[in-house]
Amino acid sequence: MKRLLAIIFLAVIVFGAYWFFFKKDTHQSQPKQEAIKINKHSDVFNHSISNAVDGYLGMKNAFVDADTSQIKMQAQKFITLVDSMNLDDLNKDDPQILSAARQEVSDIKANADALLLENDITEMRQDFRMISENMYPFLRTIAYEGPKLYWQNCPMAFGENKEANWISNSPEIINPYLGKHDPVYKSSMVGCGETKDSLQ
């Protein structure tokens with residue numbers, strides 16, 4: 001009887017050791033499943049916002065090249081894309097969100113329209129600065145769900161201690177205020193700036 005009890009006891013210890021050292025590890029080594037991302041907004045809404053962001057980025061890239069005719073063409077395209085944004089999804093949210101978004105869109109368009117009337121690139125960049133200052137909070141207000149964006153800053157966009165911000169789809173700094181053809185710095189300051197924040 002003692003012999004049988006010893007065998008049972010030994011079997012329990014062996015099984016326990018196997019469970020502790022081998023089975024435990026197999027459970028831990030399995031990769032965790034990530035939660036499926038569920039978008040808050042419809043595909044139609046997100047597509048229209050992404051198109052407007054692409055229009056903004058096209059305008060930003062034209063500023064990097066300091067090409068005023070291209071800037072105006074991209075600004076006109078941007079205005080058209082902003083006009084075609086479908087904000088209907090925001091009706092499901094707090095009415096204050098829709099109201100804030102509409103006000104930001106109004107300010108974005110006012111500055112984009114002003115940009116089209118300018119011929120001096122410095123004045124155009126001032127309008128672009130204001131478009132950016134309204135575009136980024138707009139994307140935050142609506143809970144933007146597109147590809148990652150970066151909120152970047154140049155501390156000397158309009159001279160010493162006169163900063164300006166812009167939105168980029170890359171963490172790399174490519175400054176639209178000093179750009180590739182600055183009259184003073186040429187292309188030496190195109191990398192001037194830093195990322196301050198991001199979306200997504």
Side-chain angles (χ1 to χ4, degrees), residues 34-64 70-118 122-155 157-158 162-177 193-200:
E34 290 187 24
I36 296 171
K37 184 181 175 189
I38 299 172
N39 285 342
K40 181 178 180 181
H41 303 300
S42 70
D43 288 345
V44 171
F45 177 91
N46 286 332
H47 185 68
S48 71
I49 300 301
S50 290
N51 284 343
V53 168
D54 288 345
Y56 170 91
L57 295 171
M59 187 170 50
K60 186 261 299 178
N61 293 336
F63 273 109
V64 171
Q70 186 68 15
I71 289 166
K72 287 192 175 191
M73 189 175 86
Q74 292 295 333
Q76 188 60 65
K77 182 179 174 184
F78 172 67
I79 290 167
T80 302
L81 292 167
V82 167
D83 279 335
S84 64
M85 283 192 303
N86 184 337
L87 300 181
D88 290 347
D89 277 25
L90 298 178
N91 281 323
K92 297 180 246 175
D93 297 326
D94 185 326
Q96 290 181 339
I97 292 174
L98 180 58
S99 177
R102 283 185 174 150
Q103 182 58 57
E104 286 156 348
V105 167
S106 176
D107 293 340
I108 288 165
K109 285 179 58 182
N111 287 291
D113 286 336
L115 187 156
L116 289 176
L117 300 175
E118 296 292 346
T122 301
E123 292 302 319
M124 294 167 88
R125 282 182 166 132
Q126 288 284 8
D127 290 323
F128 176 72
R129 178 180 69 85
M130 293 309 300
I131 292 167
S132 302
E133 290 295 335
N134 288 294
M135 187 76 175
Y136 198 68
F138 165 74
L139 294 173
R140 285 205 166 283
T141 298
I142 65 166
Y144 169 78
E145 295 176 322
K148 189 167 187 174
L149 297 173
Y150 301 87
W151 183 232
Q152 297 175 332
N153 172 272
C154 174
F158 297 101
K162 293 179 181 174
E163 66 177 2
N165 300 301
W166 72 94
I167 300 166
S168 177
N169 59 345
S170 167
E172 181 186 2
I173 300 295
I174 303 175
N175 191 318
Y177 297 103
E194 64 178 324
T195 297
K196 293 283 198 178
D197 196 8
S198 64
L199 283 171
Q200 282 272 287

> Considering only heavy atoms from C-beta outward, does the side chain of Ile174 approach that of Gln152 to under 4.5 Å?
Replying inline: no
> With a cut-off of 6.0 Å (strictly less than), are more than 12 heavy atoms of other residues, nucleotides or ligands near CD of Glu194?
Replying inline: yes
> Would you call Asp89-Lys40 a salt bridge at under 4.0 Å N-O?
Replying inline: no
>> Could you report the tightest heavy-atom contact between Asn111 and Asp107, atom names first, then the distance?
In response: ND2-O, 2.8 Å
> Between the main-chain N or O of Asn46 and the side-chain N or O of Ser50, is there a donor-acceptor pair closer than 3.5 Å?
Replying inline: yes
> So do the side chains of His41 and Leu90 get within less than 4.5 Å of each other, counting heavy atoms only?
Replying inline: yes
> Less than 4.5 Å apart, any side-chain heavy atom of Ile108 and any of Phe78?
Replying inline: yes
>> On a heavy-atom basis, which atom in Gln70 and which in Ala62 lie closest, and how many Å separate them?
In response: CG-CB, 3.8 Å
> Which pair of non-hydrogen atoms, one from Phe158 and one from Thr122, has the smallest distance, and what is that distance?
Replying inline: CE2-O, 3.9 Å
> Distance-only, no hydrogens or angles: does the Tyr177 side chain make a donor-acceptor pair with backbone N or O of Asn165 under 3.5 Å?
Replying inline: yes
> If we only count heavy atoms from C-beta on, is the Cys154 to Pro176 side-chain gap below 4.5 Å?
Replying inline: no
>> Testing the basics here: between Leu87 and Phe45, what is the closest heavy-atom pair and its distance to 0.1 Å?
In response: CA-CE1, 3.9 Å
> Does the pair Ile167 and Leu139 meet the rule for a side-chain contact (heavy atoms from CB on, under 4.5 Å), with working shown?
Replying inline: CA-CA 11 Å; Ile167 300 166; Leu139 294 173; 4.2 Å; yes
> So do Met59 and Leu115 actually touch side chain to side chain, heavy atoms under 4.5 Å?
Replying inline: yes
> For Ala101, does its backbone N or O pair with a side-chain atom of Thr141 as donor and acceptor, under 3.5 Å?
Replying inline: no
>> How about CG on Asn91, more than 12 heavy atoms from neighbouring residues, nucleotides or ligands closer than 6.0 Å, or not?
In response: yes
>> Using every non-hydrogen atom in the two residues, find where Ala164 and Ala157 come nearest and quote the distance to one decimal.
In response: CB-CB, 3.5 Å
>> Are more than 12 heavy atoms, taken from residues, nucleotides or ligands other than Lys162, located less than 6.0 Å from that residue's NZ atom?
In response: no
> Are any of the side-chain heavy atoms of Leu116 and Ile79 separated by less than 4.5 Å?
Replying inline: yes
>> With a 4.5 Å cut-off on side-chain heavy atoms, are Phe63 and Met124 touching?
In response: yes
> Got Arg140 and Asp197 here, is their nearest side-chain heavy-atom distance under 4.5 Å?
Replying inline: yes
> Has the side chain of Ser106 got a donor or acceptor atom that lies under 3.5 Å from a matching backbone atom of Arg102?
Replying inline: no
> Once you round to the nearest 0.5 Å, how far does CD1 of Ile71 lie from NZ of Lys60?
Replying inline: 12.5 Å
>> Please report the interatomic distance CG(Asp54) to CG(Asn169), rounded to the nearest 0.5 Å.
In response: 8.0 Å
>> Quick check on ring pair (Phe, Tyr, Trp, His ring centres under 6.0 Å): which of Tyr56, Trp151, Tyr150 does Tyr136 satisfy it with?
In response: Trp151
> Would a distance-only check, ignoring hydrogens and angles, find a side-chain to backbone donor-acceptor pair under 3.5 Å from Lys72 to Leu117?
Replying inline: no
> With respect to Met85, which candidate in Leu81, Val82, Asp83 satisfies the side chain to side chain contact (heavy atoms under 4.5 Å, CB included) definition?
Replying inline: Val82
> Which atoms form the tightest heavy-atom contact between Glu145 and Gln200, and what is the distance?
Replying inline: O-OE1, 3.5 Å
